[in-house]
Amino acid sequence: MKKITAVLRLIFGYGIMLCLFAGGLTFFGYLAALIIGGTTAPLICTFLYKEVFPVIIYASTILVLLGLLIMYLCGETALTADKKKSSKHEGEM
């Protein structure tokens with residue numbers, strides 16, 4: 001089970017990294033459209049909005065579900081309310 005979750009974590013990590021990178025690259029597409037202007041700018045923006053963003057959104061949604069599955073398989077309880085009070089930090093009394 002640990003090998004499976006390790007591979008799934010690797011896929012999750014690289015997948016989310018690629019989605020974030022692709023989302024960041026769209027900024028340069030909009031910047032290029034702003035610089036080019038004319039009739040080409042709306043075509044670039046429409047392409048980014050209708051073709052690129054849905055792919056990024058679907059991929060990131062699937063990867064988030066994969067991340068939740070990984071947490072479930074590992075037995076992590078990060079998304080549950082903790083009834084125990086956590087220990088105090090060194091600076092607290």
Side-chain angles (χ1 to χ4, degrees):
M1 185 64 82
K2 289 190 181 213
K3 271 191 165 185
I4 294 171
T5 56
V7 170
L8 290 176
R9 279 186 194 267
L10 187 69
I11 293 169
F12 171 74
Y14 281 118
I16 289 292
M17 183 180 65
L18 285 174
C19 286
L20 288 171
F21 186 70
L25 282 179
T26 58
F27 165 76
F28 294 110
Y30 284 114
L31 184 65
L34 183 67
I35 292 170
I36 293 171
T39 59
T40 308
L43 295 175
I44 294 172
C45 293
T46 303
F47 171 75
L48 289 173
Y49 177 72
K50 292 195 176 191
E51 301 295 327
V52 176
F53 279 137
V55 172
I56 294 172
I57 291 170
Y58 289 138
S60 61
T61 302
I62 291 169
L63 288 168
V64 165
L65 291 174
L66 178 65
L68 290 172
L69 177 68
I70 293 167
M71 287 177 57
Y72 175 75
L73 290 175
C74 290
E76 296 176 9
T77 57
L79 298 176
T80 59
D82 190 16
K83 295 187 180 187
K84 291 190 250 175
K85 189 172 182 176
S86 61
S87 62
K88 294 183 180 180
H89 297 288
E90 291 179 18
E92 294 179 355
M93 295 204 138

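Grouping Ile, Leu, Val, Met, Phe, Trp and Tyr residues whose side-chain heavy atoms lie under 4.5 Å apart, directly or via other members, places Ile56 in a hydrophobic cluster with Tyr30, Ile36, Ile44, Phe47, Leu48, Tyr49, Val52, Phe53. Side-chain heavy-atom separations under 4.5 angstrom define the hydrophobic clusters, and Ile57 shares its cluster with no other residue. Its side chain within the 4.5 Å cluster rule, Phe21 clusters with Leu25, Phe27, Phe28, Leu31, Ile35 among the Ile, Leu, Val, Met, Phe, Trp and Tyr residues.
Hydrophobic clustering keeps Leu20 apart from Tyr14 (ILVMFWY residues linked when any side-chain heavy atoms are closer than 4.5 Å, directly or through intermediates). Both Ile4 and Ile11 are assigned to one and the same hydrophobic cluster, defined by single-linkage of ILVMFWY side chains at heavy-atom distances under 4.5 Å. No path of Ile, Leu, Val, Met, Phe, Trp and Tyr side chains, each step under 4.5 Å between heavy atoms, connects Ile62 with Leu69, placing them in separate hydrophobic clusters. Under a hydrophobic-cluster definition in which Ile, Leu, Val, Met, Phe, Trp and Tyr are linked whenever side-chain heavy atoms come within less than 4.5 Å, directly or via other members, Leu18 and Leu63 are assigned to different clusters.
Atom CG of Leu8 and atom NZ of Lys3 lie 13.5 Å apart (nearest 0.5 Å).
Here the closest heavy-atom approach between residue Cys19 and residue Ser60 is recorded as SG-N, 3.8 Å.
With hydrogens and angles ignored, the 3.5 Å screen pairs no side-chain donor or acceptor of Thr46 with any backbone N or O of Leu43.
When side chains are defined from C-beta on, Phe12 counts as touching Ile16, because their heavy atoms get closer than 4.5 Å.
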